[in-house]
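Proteins get letters first, then strands, A, B, ... in listed order; numbering begins at 1 in each. These numbers come from a predicted model, not from an experiment.
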Protein chains: 2
Amino acid sequence: MSIKELAQHLNVSIGTVSRALNGRADVNPETRKRVLAAAEAMGYVANQSGRSLRQGTTNVIGFTIETNVETKSQGDTFFMSVFDGVQAVFARHKLDLVVLPCSSEDDPFDHVRRVVSRQFADGLIISATQRIDPRIDFLIERGIPFVTLGRSQSGGEHSWIDMDFDSVATGAVARLVARGHRRIALANTASGINLSYIFEDSYRRALAEHGIAYDPDIVIRGEITERGGYAICDKLLALPDRPTAVVLVNESLAIGIYRRLHDAGLMPGRDMAIIGLRQSPQARFLSPTLTCHRLSLHDVGVELAQSLLATMPAYKDLYPQGVVQKIWPMELVPGESDPPLQP
Amino acid sequence: MSIKELAQHLNVSIGTVSRALNGRADVNPETRKRVLAAAEAMGYVANQSGRSLRQGTTNVIGFTIETNVETKSQGDTFFMSVFDGVQAVFARHKLDLVVLPCSSEDDPFDHVRRVVSRQFADGLIISATQRIDPRIDFLIERGIPFVTLGRSQSGGEHSWIDMDFDSVATGAVARLVARGHRRIALANTASGINLSYIFEDSYRRALAEHGIAYDPDIVIRGEITERGGYAICDKLLALPDRPTAVVLVNESLAIGIYRRLHDAGLMPGRDMAIIGLRQSPQARFLSPTLTCHRLSLHDVGVELAQSLLATMPAYKDLYPQGVVQKIWPMELVPGESDPPLQP
DNA sequence: CACCGCACCGTAAACGTTTGCGGTGCAACG
DNA sequence: CGTTGCACCGCAAACGTTTACGGTGCGGTG
């Protein structure tokens, strides 16, 4: 079912059919109606390869994720919610979202290079940014429109959306200090993801502001999974001078930490104050409830999509915001896991 | 950087370049080496649109998922593991996996139709199969190679992989009966997903085998989320003749059920026996530990990929298994959540 | 009546590949 | 030396679009 068949069925030239379908001006309204009707009836839809060969554009946006659940995971419904927001925007422009998973055996840089050379997409959304991320320099050099979900120190000016981990870390420390805590641990991720640096820097700055000395012994890095949380809590409990509170870089850790405390006959909150990151469905159902932070991932997705379009020449007029670098606010949701310290 | 530039840089015809790169026989080993070296050096890689326009093939496999987290979908971690297995197979054949998320505002059938008409992929993996699933008939009619993750009653013969929910349901009932339970509830999903029918049928059959009457009051359907679990448990606790055990169609429910029991001053296991479905990271860290079922999602992904290739003409010789319809075993992992009933 | 402008449409080139076909040159064979 | 076979390579068509360009016919204007 090619445009040629459709054309000779209608007794017009293929040029006219193409113009009619693409909404060009110089075509008789009457014939346009005929063409549209016939296309609908015969189920014609333009071949994507032919079209993109001619126009050099695919109408596809790629979203890279990493399938390494152990170290990079963001929680169980994180990406699904973001995708939903992204699609809400793209649907209005007849753009299709495709997710390009980078397998755990593959290198993220190689992955992006392959994606680019295969010309899958007109634009890319990159997640899990590293502190030094060669993908960013590469994409800038190649002139591929892209946005990252997460900041980086790499490369030149580019659009990114990130969450306000700075405020979360400093706010959590301040809140714990106000509640009498002085020995505040940090549970961080061991991966090179930029978030881990931002989070730890802010944590250290907040400690300094409250006149608390930084103690590397209570900054533990590990897998940001339930199992990782268990292991991290294990190490904290083994310390001679046990911390009274811990700030988490990821809410999945909370599950494991709760479990480890229970196994030691201790009670989360009372025996160790805990502040988690994002209000995930699981964290919401912990007992005692986890103090964490509200965040609309759907809206993050919307913002990602709009920022990407703003960098694409074809959509510049519709989204004139230019380069956007936005830190998304996270609002603290008080729970029962960080009560005032009992002397 | 087209094949033409590469060719005139090498002083050969584009045909020769193409043949050299594609490993055809009738090309001088010496020139092939030159071509490969030059392609590598100049960073040439064949334009996908041109190639697929000519050959009618994209070397891409699509995997549809639904981002409607509330009702249908498994979470991120479920699919990430599956993707990883799928890619392990595809990588050997230079096939690329792209994930095609169906937004929560979109209809899954329309989504698949758009995917097909856009000619994104040479083959498809379809998840979240409905009991009656028009996508299956559509794909068969169009002759698109595909596999489904999940059975269905629709359409003709096609390949599918599914998990052994039958054995899980009957095994769970049998185990609970052996431990003294007679009043066994079922927490099911309210969506039209085929799994819910299979699960409930098996549950009813198992009850009958043990001479227990089916009671619709203790079969509760709702969202398969933590919140859904809370609501379902709410209903169970409100019943005049409270069940002593509950079988779950999804392990996320367990989190909410545990929470609801705690809120009522009850203890999971002791006051209500619980058997979950899959051994997820969250479920593993519940306390008391959840009795559930082990399952290698990576292997499911591998099987999905192989079964799909078996239906594609180009790979038939490598994967000669034909139509495969496989029920994947799930092995019970005993936990503390279903102890013998105390009289 | 001659001319112009305009609305509409057909023609054909171009996008980057792959591949069947034919052609060249060389070695081997009779 | 003539013929054949073979290894290798160039030529050009084809895939399905989009789009610049030119052409036709018509109504309107001078």
Return all side-chain donor-acceptor pairs below 3.5 angstrom for residues 53-62 of chain A, not counting sequence neighbours, or 'none' if the list is empty.
from	atom 1	to	atom 2	distance (Å)
A:Thr57	OG1	A:Asp122	OD1	3.4
A:Thr57	OG1	A:Asp122	OD2	2.7
A:Thr58	OG1	A:Val60	N	3.2
A:Thr58	OG1	A:Phe120	O	3.4
A:Thr58	OG1	A:Asp122	N	3.4
A:Thr58	OG1	A:Asp122	OD1	3.0

Under 3.5 Å, side-chain donor or acceptor atoms of residues 298-315 of chain A against the rest of the protein: list the pairs with distances, not counting sequence neighbours.
from	atom 1	to	atom 2	distance (Å)
A:Asp299	OD2	A:Ser296	OG	3.2
A:Glu303	OE1	A:Lys326	NZ	3.4
A:Ser307	OG	A:Glu303	O	2.6
A:Thr311	OG1	A:Leu308	O	2.7

Can you give the donor-acceptor pairs under 3.5 Å from side chains of residues 89-100 of chain A to other protein atoms, not counting sequence neighbours?
from	atom 1	to	atom 2	distance (Å)
A:His93	NE2	A:Tyr319	OH	2.7
A:Asp96	OD2	B:Arg118	NE	3.0
A:Asp96	OD2	B:Arg118	NH2	2.8

Name every donor-acceptor pair, under 3.5 Å, that has one atom in a side chain of residues 17-26 of chain A and the other anywhere in the protein, sequence neighbours excluded.
from	atom 1	to	atom 2	distance (Å)
A:Asn22	OD1	A:Arg51	NH2	3.4
A:Asn22	ND2	A:Ser18	O	3.4

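Separating the NZ atom of B:Lys33 from the P atom of D:dC8 is a distance of 13 Å, rounded to the nearest angstrom. One atom, CG of A:Asn28, and another, P of C:dC6, lie 18 Å apart when rounded to the nearest Å.
If you check every strand for non-hydrogen atoms under 4.0 Å, A:Ser52 touches nothing.
Rounded to 10 degrees, the angle separating the terminal helix axes of the helix from C:dC1-D:dG30 to C:dG30-D:dC1, each built from five base pairs, is 70°.
For B:Glu157, the side-chain contact (heavy atoms from CB on, under 4.5 Å) test picks out B:Val323, B:Gln325, with sequence neighbours left out. In this structure A:Lys4 satisfies the side-chain contact (heavy atoms from CB on, under 4.5 Å) test together with A:Ser2, A:Ile14, sequence neighbours excluded. The salt bridge (Lys or Arg N to Asp or Glu O under 4.0 Å) check on B:Asp133 picks up B:Arg135, with sequence neighbours excluded.
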Exercise. What string of B, S and - do you get for nucleotides 10-20 of chain C 5' to 3' if you count protein non-hydrogen atoms under 4.0 Å?
Worked result: BB-BBBBBBBB

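Looking at A:Ser152 and A:Thr129, their side chains never bring a donor and an acceptor atom within 3.5 Å of each other.
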